[in-house]
Asker: 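Sharing a structure below in structure tokens format, with a few things to ask.
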Amino acid sequence: MSDKDLPSDALHSRRRILLGLSLAPIAAAIPAMHAVQAAEKAGVPAAGKPFAGAWDPKAYTPTFFKDTEWAFVQAACDRLIPSDDTGPGAVESGVPEFLDRHMQTPYAAGDIWYMQGPFLEAPAEFGYQGKLALRDILRVGISAMDAHCKKAFNGKAFAQLEAAQQEDLLTQAEGGKLKLEGISSKLFFTNFLTEVKNGYFADPKYGGNRDMGAWKMIGYPGMRADYMDWITVRDKAYPLGPVDLSGKRG
Amino acid sequence: MANVKPKVDAVIVGMGWTGAILAKELTDAGLNVVALERGADRDTQPDFAYPKAIDELEGSVHRRFLQGLNQETVTIRHTSADTAVPYRQIGSFKPGTGVGGAGTHWSGCHFRPLPEDMNFRSNVEQRFGKKFIADDMTIEDFPISYDDLEPHLDMFERVCGTAGRAGKINGVIQPGGNPFEGSRTRDYPLGPNPEYLGAEMFHKGAKEMGWHSYPIPTSNASGPYTNPYGCQMGPCNACGFCSDYGCINYSKASPNACILPVLRQRGNFELRANSQVLKVNLDSTKKKATGVTYLDAQGREVEQPADLVLLCAFQLYNVHLMLVSGIGTPYDPVSNTGTIGRNYSYQNLNRVVLFYDKDVQANQFIGIGGAGATMDDLNGNQLDNGKLGFVGGGLVWARQPGAGPVRGINVPAGTPNWGSKWKQAVADNFRHSFYFEVQGACMSYRQNYLSLDPTYKDAFGRPLLRMTFDWQQNEIKASQFFVDQALKMGRTLNPLSILGDAKKDGEHYNITKYQSTHTCGGATMGSNPATSALNRYLQSWDVSNVFAIGANAFPQNNGYNPTGLVGGLAYWAATAIREKYLKNPGPMVQA
């Protein structure tokens, strides 16, 4: 049983009990999330309710991504940040929803970038010099990835491939070794991964990081923004769970 | 047809630190002042209010408080043989915009220069001989001394409520401060902030290395404070949102918190936000400015006549305005003549990351922008450049401005960028790693300069500023030395692993990677009008009622963050305008 299977209230009260009981030095010396796991190992019973913030992809209808793109987004998110014992995966955290919403912001439309031509080829240290805005990089990249997959794997799109094949393709794209039609695989991959991480770690109000799962995983207190009493503490882990921008406690 | 406004005594372009300082000083002197700011008006309330202002996606991805590059940016190339391409997305440096400018989103590191930074060229020549300086290295002395500046550096610290510990007061060394600093007339207005683990470790490592560590002087208030203008600051609560963010607590010094509350109440001061200055207007002699032309919030062209024109925009844009307005002669690297665009320099920033086990509570999410620990044992006259074979000093410091996960989580070398292993690494290291930064001086060179781009234009039809810059062997060598020293110190602290990013031989300037917003030079102050754009009062040699106040005046960059010196220079220039220029308008130094 991992953290994500616990309702947040139970997790919270457990955390308080733990700290109160002072399972320290062991529990207090490690981040709260690990303290819960330590407690589980120590035989503290866990509540059996499903993860309160678990995201149901069917409950969200994408308005930016088309159906075929949506399938790619979910498959790629699941490979890039998979669900495992360390913490929630990108899909259950709502990262696909984040991506769909984030692609419709002025940011993704390139509104804060200089987008005037001419668009010249330049070495990598001069950064992206193309004319596609972020949302177009993702859209063109997904389409090119799927086209590549269909050619190489008997008509199967990326989402229909085995996990290991998907991982291999993403690894090739990361290194720029995958030749895609019309776009650099590396450019697409880099932008996609950055957006996935943004969605995973940004405030839940943007659609990802459901129930602050990513923050709990790393022990980030979120938007508490007041640590005057903890700057010089050296002998214990910061004890409080995260708070998000709406004031909700994780 | 431009709408012509009634003439004012002074028009200020840009409402960051230097604009606010000049506006305060000149309205004090009774002048009518209009300030034109290209960005929006901003104040602590409501723009930096908790919790909205500390949204990481907006602050560090959408870059809410930084300049949008859609309207104006620069183009960049490595050498004059290359074709420059636009700086399309924020990477290497982060200019601000809006009222407060970069003074809103800085961290608060507030250093003074060393005395030897001010007579830089002659000091190097004296110590190592004229031949030690390569022919293409165009470093100069500042035309003023540390002693000239001391009262003005002091004033800026008072206004900012700078927290620190003096190292030398009236020539007497003080315990716990920087023993190598220039003599101060008094201590900082506030004592140092509390120390993070990383700073505590820095002191320990520095001791091992035989270095004299001291708290970084920082304009993040360590206690309640009222500045000489009556503006109140509250103690920093270590919220962890400094760089890229406006301060939610009235703790980080900014023009918004420390000067504008007074200015906004003055009848002889008018702030016009959303006003994009297009050019400085000159009369037929080209020796006198008549005012500026700008676009108002509705995009209408407006002419603002003024007796004095004060360029207080970010360094790059001050130079740009001088070039597009025809003030002075553009620099030509081939003949090595002309002054506008000459001596562009940057900063040499590198990083060392230390990773620890889970019993080490580094808590990088806690942050006090500028606070931490540093040392000057490898800076200024402490460093034996003759032996090392490069010009310029540097610092290693432990600083913790606050790290949230959207801003990136450091992981040990060899960690993949995604997948389960990456997840495990970010979970393991987020609270148990910290970094030291290695910040070095950056020399100016004949081949590194600013000019107008022949191809790319801004949203107003003006040519973009073109930056020709690359790392030179001197800075690469310096980077390798300083990072090596930081790694040596880091290893005395027994981390599980350590990362260092010294520049490699032949490495080119990479505009995609954030390094430092400390871009400098391009319209420098000097004692010779053939090699400098401004005289010792930051007054244009060519157009005597134009002053260009900012890091554009640095003939090269020293090892420190520039803001303390920029503020000091602003008070120095303002004092000269009040006490000399206004009595007898015209050139204050004869060319």
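Letters A, B, ... are given to chains in the order of the sequence lines, protein chains preceding strands, and every chain is numbered from 1.
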Asker: We want to know whether A:Tyr206 and B:Asp55 form a side-chain donor-acceptor pair, criterion being a heavy-atom distance below 3.5 angstrom.
Answerer: yes
Asker: Is B:Ala362 close to chain A through its backbone or its side chain, or both, or neither, when contacts mean heavy atoms under 4.5 Å?
Answerer: neither
Asker: Let me see the working for A:Leu193 and B:Trp422 under side chain to side chain contact (heavy atoms under 4.5 Å, CB included), right down to the final yes or no.
Answerer: CA-CA 12 Å; A:Leu193 178 63; B:Trp422 167 79; over 6 Å; no
Asker: Quick check on A:Ala124 against chain B: is it the side chain, the backbone, both or neither that has a heavy atom closer than 4.5 Å?
Answerer: backbone
Asker: With a 4.5 angstrom heavy-atom cut-off, is it the side chain or the backbone of B:Thr83 that approaches chain A, or both, or neither?
Answerer: side chain
Asker: Working note: B:Tyr87 + A:Phe126, criterion ring pair (Phe, Tyr, Trp, His ring centres under 6.0 Å); need CA distance, chi angles, decisive distance, verdict.
Answerer: CA-CA 8 Å; B:Tyr87 183 57; A:Phe126 290 95; over 10 Å; no
Asker: Under 4.0 Å between a side-chain nitrogen and a carboxylate oxygen: does that hold for A:Glu125 and B:Lys513?
Answerer: no
Asker: Check each atom of B:Glu200 against the heavy atoms of chain A and say whether the ones under 4.5 Å are side chain, backbone, both or neither.
Answerer: side chain
Asker: Is there a donor-acceptor contact under 3.5 Å linking the side chains of B:Gln361 and A:Trp230?
Answerer: no
Asker: Quick check on A:Lys131: does its NZ atom have over 12 non-hydrogen neighbours (other residues, nucleotides or ligands) under 6.0 Å away?
Answerer: no
Asker: Shortest non-hydrogen contact from A:Ile218 to B:Val426?
Answerer: CG2-O, 3.8 Å
Asker: Need one label for A:Pro118: side chain, backbone, both or neither, based on atoms under 4.5 Å from any heavy atom in chain B.
Answerer: both
Asker: Pick one of side chain, backbone, both or neither for B:Phe241, based on which atoms fall under 4.5 Å of a heavy atom in chain A.
Answerer: side chain
Asker: Please look at B:Ser420 and chain A and tell me whether the side chain, the backbone, both or neither of the residue comes under 4.5 angstrom of a heavy atom of that chain.
Answerer: both
Asker: Given that the side chain runs from C-beta out, which part of B:Ile248 has a heavy atom under 4.5 Å from chain A: side chain, backbone, both or neither?
Answerer: side chain
Asker: Which answer fits B:Tyr50, side chain, backbone, both or neither, if we ask what part of it has an atom under 4.5 Å from a heavy atom of chain A?
Answerer: side chain
Asker: Pick one of side chain, backbone, both or neither for B:Ile368, based on which atoms fall under 4.5 Å of a heavy atom in chain A.
Answerer: side chain
Asker: Report which part of B:Ile54 has an atom under 4.5 Å of a heavy atom belonging to chain A: side chain, backbone, both, or neither.
Answerer: both
Asker: Is it true that, when you exclude B:Lys504 itself, more than 12 heavy atoms of the residues, nucleotides or ligands shown sit nearer than 6.0 Å to its NZ?
Answerer: no
Asker: Under 4.5 Å heavy-atom distance to chain A, tell me which part of B:Asn429 shows up: side chain, backbone, both or neither.
Answerer: neither
